Amino acid sequence: MNPEPRASRRTVLVTGASSGIGAAFAEAFAAGGFDVVLLARREDRLRALAAGLERRHGRRAHVLVADLSPPDAAAHVCAELDARGLTIDALVNNAGYGVPGAYVDSSWDTHRAMLQVMVVGLAELTHRLLPGMLERGYGRVVNVASLAGLVPAPAGHTLYAASKALVIKFSEALAHEVGARGVHVTAVCPGFTRSEFHDVTGTREKVSRLPGWLWMDADVVARQGFEAVMAGTPICINGRVNRTLAFLVRHLPLGVVTWAGRRLGRSYRKA
Ligand SMILES: NC(=O)c1ccc[n+]([C@@H]2O[C@H](COP(=O)([O-])OP(=O)(O)OC[C@H]3O[C@@H](n4cnc5c(N)ncnc54)[C@H](OP(=O)(O)O)[C@@H]3O)[C@@H](O)[C@H]2O)c1
């Protein structure tokens, strides 16, 4: 039997696929006809998701267990992809978390690891996988940013909003650079999303007091992100509430926005 032609066997690499938005992106891409490579540290979660995706969508699902915090992580991941003969047509840079509390209360190594996972590793994986996409004239890159990168930064989680702002600007510039060569790049900017994020970050108790209309489900966020990158939309802000907040931030006086950000921050950030 002839193997399926490449165009009908595209493969996506999803980082942070063991839960939340990453798992939902894997589901959205598999439903869209992609084979998937699921990357995170928790192997049991990845194996369970891989089995479910193969059953539900009939696509191949590979598991790649990796910690993205060491400086050489992206190089190792790409070497492993090469060793397995996997060609990556789409990349979802999703792995991420917040470091709660005041900036000086966490060690530099903690901040360095966060920047490595959410900024340096994201940029390096993109840099390593992009040339192949450009050569083949097809690529899809989703960078999961956040509404936090578009609104004023409150106290605590000090590098989080800054790193997401960088991811948005990086994605926007890259989208303009490579769009005409068949590679779409999209920064997806969710607001509050149901996942394990706030448990990992230690803010569950505070965010549980926020109104329900501020929250979205991870599968809706991922479906919108998938549609946006397929359509070639450089920035996707998820949901009407988040789009309205982003609009207000752009149009209200800076002083008002900064004051509101400080008040909202107090209501959900871990001090
Ligand atoms: N939830 C929200 O309200 C929200 C809002 C805006 C943006 N976001 C962004 O959405 C993305 C996904 O977060 P989520 O809400 O889905 O949270 P989540 O459920 O906690 O998922 C985070 C994922 O990142 C992976 N990860 C964390 N550190 C890693 C490391 N060192 N190496 C490899 N993988 C690592 C985790 O897997 P392992 O632990 O198995 O490694 C997990 O799969 C993040 O970039 C986050 O900043 C979330």
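Note that ligands are numbered from 1 as they come in the structure, with each ligand's atoms numbered from 1 the same way. Here the structure is a predicted model, which means the values were calculated and not measured.
Which parts of ligand 1 touch Val117 is read off a 4.0 Å heavy-atom cut-off, strictly below it: atoms 31 (N). Those atoms of ligand 1 that come under 4.0 Å of a heavy atom in Gly20, given as number and element, are 16 (O), 19 (O). Using a 4.0 Å cut-off to heavy atoms of His198, the atoms of ligand 1 that qualify are 2 (C), 3 (O).
Within the structure, ligand 1 has Pro190 among the residues with a heavy atom less than 4.0 angstrom away. At least one heavy atom of Gly191 sits less than 4.0 Å from an atom of ligand 1.
Tyr160 OH, 2.6 Å is the protein heavy atom nearest to atom 47 (O) of ligand 1. The protein atom (non-hydrogen) at minimum distance from atom 20 (O) of ligand 1 is Phe197 N, 3.3 Å. Atom 16 (O) of ligand 1 has its closest protein heavy atom at Ile21 N, 2.8 Å. Of the protein's non-hydrogen atoms, Asp67 OD1, 2.9 Å is the one closest to atom 31 (N) of ligand 1. In this structure, the protein non-hydrogen atom closest to atom 35 (C) of ligand 1 is Ala95 CB, 3.8 Å. Atom 18 (P) of ligand 1 has as its closest protein heavy atom Ser19 OG, 3.3 Å. With hydrogens left out, the protein atom closest to atom 36 (C) of ligand 1 is Ser18 OG, 3.8 Å, a heavy atom. For atom 14 (P) of ligand 1, the closest heavy atom belonging to the protein is Ser195 OG, 3.4 Å.
Relative to atom 44 (C) of ligand 1, the option among Asn94, Leu122, Val144 with the closest non-hydrogen atom is Asn94. Around atom 33 (C) of ligand 1, the closest heavy atom drawn from Ala66, Ser146, Gly121 belongs to Ala66.
Cation-pi geometry between Arg10 and Tyr138 is met: under 6.0 angstrom from the ring centre, within 45 degrees of the axis.
Note: no N/O pair closer than 3.5 Å links Ala40 and ligand 1 by distance alone. Note: an N/O pair closer than 3.5 Å links Arg41 and ligand 1 by distance alone. Residue-to-ligand polar distances keep Trp215 apart from ligand 1: every N/O pair is separated by 3.5 Å or more. Taking only nitrogen or oxygen atoms, main chain and side chain alike, Phe192 does not reach within less than 3.5 Å of ligand 1. No N or O atom of Tyr97 sits closer than 3.5 Å to an N or O atom of ligand 1.
Under 4.0 angstrom from ligand 1, the non-hydrogen atoms of Ala17 all belong to its backbone. With a 4.0 Å cut-off on non-hydrogen atoms, Ala145 touches ligand 1 through its backbone and not its side chain. Contacts between Arg45 and ligand 1, counted as non-hydrogen atom pairs separated by less than 4.0 Å, are absent for every part of the residue.
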Inset, instruction - May I have the step-by-step check of side chain to side chain contact (heavy atoms under 4.5 Å, CB included) for Leu38 and Leu64, ending in yes or no? - result: CA-CA 6 Å; Leu38 307 171; Leu64 204 169; over 6 Å; no
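Here the CG atom belonging to Leu122 is positioned 7.0 Å from the OG atom belonging to Ser171, to the nearest 0.5 angstrom. Going from atom OH of Tyr97 over to atom OG1 of Thr201 covers 9.5 Å, rounded to the nearest 0.5 Å. Note that CG of Leu86 and CG of Asp35 are 9.0 Å apart. Values are rounded to the nearest 0.5 Å.
The shortest side-chain heavy-atom distance between Phe25 and Val12 does not fall under the 4.5 Å cut-off. Between Asn93 and Val142, the closest side-chain pair of non-hydrogen atoms is not below 4.5 Å.
Between Trp215 and Phe192, the ring planes are tilted. Angles from 30° to 60° get that label. By the 30° and 60° cut-offs, the orientation of the rings of His111 relative to Trp108 is tilted.
Using a distance-only test at 3.5 Å, with no hydrogens or angles considered, no donor-acceptor pair links the side chain of Thr11 to the main chain of Val36.
The aromatic ring centroids of Tyr160 and Tyr103 lie 6.0 Å or more from each other.
Salt-bridge formation is detected for the pair Arg84/Glu80: a Lys NZ or Arg NE/NH1/NH2 atom is positioned less than 4.0 Å from an Asp or Glu carboxylate oxygen. A salt bridge is defined here as a Lys NZ or Arg NE, NH1 or NH2 lying under 4.0 Å from an Asp or Glu carboxylate O, and Glu196 with Arg45 meets this definition.
Shortest non-hydrogen contact noted between Leu49 and Glu27 is CD1-OE1, 4.4 Å.
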